[in-house]
Amino acid sequence: MDSKVRVRFAPSPTGGLHLGGVRTVLFNYLFAKHHNGEFILRIEDTDQTRFVPGAEQYIQDTLAWCGLTPDESPLHGGAYGPYRQSERKAIYRQYADKLIEQGNAYYAFDTPEDLDAKRKEIPNFQYSRAHRMDMKNSVSLGADEVAELLKNNTPYVIRIKVPENEEVSLDDVIRGHVSFDTSIVDDKVLLKADGMPTYHLAVVVDDHLMKITHAFRGEEWLPSAPVHVLLWKYLFGLDQMPKWAHLPLILKPDGNGKLSKRDGERLGFPVFAMDWFDPNTNNTTIGFKERGFLPEAFVNLLAMLGWNDGTDKEIFSIEELIANFSLDRVHKAGAKFDYEKAKWFNAEWIKKTDNDKLAPLVRRYLDEANIEVHDPNYLVKIIGLVKERCHLLPEFVTQSSFFFKAPSSIDTASIAPKWDAKKLGFFDELAKVYTSKIEGGLLTAPATELETEFKELGAKHELKPGELMLPFRIMLVGGKFGPGVFEIVEAIEFKDTVARIEKSLQLLSSN
RNA sequence: GGAGCGUUCGUCUAACGGUUAGGACGCCAGGUUUUCAUCCUGGUAAUACGGGUUCGAUUCCCGUACGCUCUACCA
C-alpha cells in the first residue's frame, strides 16, 4: 500500500441504519484499523427532498453505540471537511464544468415531464447514445440554441456523455475483474437542476478530495460502477482511483431478496441498530439495542455475516476482528439473516461479559418493570446467578425479579395435587427454624449449609428431597424456573424466605 | 426486456484439484442440573443441473436453470 489507508462510510440521512448499513460500517472500520488507517463518516445529503430531521444524529449515535467511531466526520471534523455533501455544493460544480469543457458531459434541458413522456413512448427507454440525439441537450442542439437557453436560465441538468462501445472494467477486491460494455450504460445525471450533484458525481469527487484509498459499498452499486470508473478516468485518472469492494447483501430469512425494515416487522425481529423514531410518520422502529443486544454481540454477529477468519472461531471481540480482518475472506454471495443465531451470539456475549458491566444495562430493564434495586452490589451478584439463562437483556427481568420482590403469583396448581399434611408440617417447621435464626440475629447462610439442613429436616419428616424441592422453588420464585433453590434462599435471606413460605401455605390451605 | 453479480446441510459457513465434504445455529435423542436454562455426548442434513479439462473435480472452463441487484434530476 503506497499511501495511508483511508476509507469512508457514506450514508444518506433518510432514516434508521439497518443491518446491512452497519455491516458496511463495520467492514470499513475493521479494514481501516487493521491497516492502521482512517475511517471517515461522510453524510450524503444531496437529495433535499429526502431530508429527515434527526437521521444524521441517529447515525452518529449508532456508530457510537457500536464502538465504531469515525476519525473524521461532521461531528469530529477533520482536514478534509466539510463532511456533509450539502455543504460542499460549490465544489461539485467546477468538476461538472470541467467535464463539459472536456466534452465528457453535456447540458440537458429535458424537463421531468419530457422524460416521463419519453419513457411511456419507448419501452425500456434509456437516456443514452441510442436516444441522445432525440432529446433536448447540448449535443443534439446547435451551439447558438444552447447559448440562448443558458442565457435565459432555462433549467438544465448535466449528464455524463458515455462513450460508445468501450469496455469499462474494474478489479473489485471481492469479486475480481468485472467489466461492462458502455453501450449498455446510460448518460446518468451528474448535476441536478437545483445545482446539487447526484451520488455519481459526488462520490467520485469526494473520494478523490478526501483521499479515499478503498471504497466499500453494497453490491447493489455494482451496476453503476462503470459510471464511476468513467468519471475517475475523466477527472482524476484511473491510477488515482480507490480500490473498489462491493459487499454482499444481507438477505431476508425467508424467501430471497434484500432484508428490509418490513421483514423485521413481519417476522418479529429488529432490523435497525437502535430504535428509530420517524418524525414523518410518528412511528418507532425497534432496534437491536433496545431489544436487549450487547453492542459487542451485534458487531460480532454482523462480522460473521459474510466473513470468517478461516478457522472455526465465531466469537470475536472487536480487537480480535481488527487483528484478523481481511477482505479476501469476505464471501461473495449474500447472507440470509438468522435471528436465532443472532440471539445465540448475544447469549454468548452475556455469559462472557463481566457482571458489573452488565449491571447498568440490566438495571434499565428492571427500572422499566418497576423493580427496585436498593443495593448495586446485590444486583451484580444476582446477575451472576442468572446470566446463563438469558439470551436477551430483558429476560433478566423475569429471571431475576423474585430476587428483588416476592412473586406476584404463585403457581400453586403445580403443588396442590401432591400436597398433604406431611408436607405442610415440614414447611411449617422450616419456617419456624428460619424464624428462630432471625431471632438469633442471623440474616442468611451459605447455600450448601442451607441445603444440608433442609435435607436433614426432610428426613426427619420422612420426606425425600425430590418431593420437597419443587414446592419450595415455586413458593420462592412463583414457578418452575430460576437458579438453585438454596442460592435463592441465601440471596433473599431468611426473612423473605419465611414470608414467602407462609404466604404459600396460606394459599395452599385456602384452596 | 437488458446488464451485472451470485449458487456447499433449513440457516451462517470451511474445504484456494486428492477429506468418510469439516464447524456453528436450529432441530431431535441421551446425560448433568431433584425446576428451567447452561453445560456435555450423540444424531439429522449440503456441493443446482449438463457438458468439458484432468489420473482425479465442491474447487478450473463453457452452457443451462434458478435467485438477487440495478435499470430516477434516490442513494
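Convention: sequence-line order gives letters A, B, ...; per-chain numbering from 1. Everything numeric in this text was worked out from a predicted model, so none of it was measured.
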Any [X] side-chain nitrogen or oxygen under 4.0 Å from OP1 or OP2 of [N]:
X	N	answer
K252(A)	rC68(B)	no
R159(A)	rC73(B)	yes
N308(A)	rA14(B)	yes
R329(A)	rA15(B)	yes
T46(A)	rA75(B)	yes

Salt bridge or not for [X] and [Y], using N-O below 4.0 Å?
X	Y	value
E467(A)	K422(A)	no
K352(A)	E296(A)	no
K343(A)	E395(A)	no
D207(A)	R8(A)	yes
D254(A)	K252(A)	no
D263(A)	R266(A)	yes

At under 4.0 Å between heavy atoms, what does [X] touch on the DNA or RNA strands: base, sugar-phosphate, or nothing?
X	result
E467(A)	nothing
K343(A)	nothing
S224(A)	nothing
D186(A)	nothing
S179(A)	sugar-phosphate
R119(A)	sugar-phosphate
V386(A)	nothing
V157(A)	base
P483(A)	base
K464(A)	nothing
G482(A)	base
T14(A)	nothing

W221(A) CH2 - rA72(B) P separation (whole Å): 13 Å

F51(A) CZ - rC74(B) C1' separation (whole Å): 16 Å

Is the ring pair [X]/[Y] parallel, tilted or perpendicular, if the boundaries are 30 and 60 degrees?
X	Y	answer
Y199(A)	W221(A)	parallel
F427(A)	F472(A)	tilted
F125(A)	Y127(A)	perpendicular

Taking the P atom in each of rG63(B) and rC55(B), what is the distance between them to the nearest angstrom? 24 Å

Using atom P of each nucleotide, how far apart are rG6(B) and rG10(B) to the nearest Å?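 Approximately 23 Å lies between the P atom of rG6(B) and that of rG10(B).
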
G484(A) vs K332(A), nearer the 5' end of RNA chain B by closest nucleotide: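 The 5'-side residue here is K332(A).
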
Residues within residues 167-175 of chain A bordering RNA chain B, heavy-atom distance below 4.0 Å: R175(A)

Just so I know, are the side chains of F269(A) and P253(A) near enough to count as touching, which here means a heavy-atom distance under 4.5 Å?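 Side chain of F269(A) against side chain of P253(A), heavy atoms only: contact under 4.5 Å found.
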
Please list, pair by pair, any protein nitrogen or oxygen found under 3.5 Å from a nitrogen or oxygen in nucleotides 8-12 of chain B.
from	atom 1	to	atom 2	distance (Å)
rC12(B)	OP1	K336(A)	N	2.9
rC12(B)	O2'	M304(A)	O	3.1

Between F396(A) and Y365(A) (judged by ring centroids, cut-off 6.0 Å), do the two rings come close enough to count as a pair?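 Between Y365(A) and F396(A), which both carry aromatic rings, the centre distance is not below 6.0 Å.
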
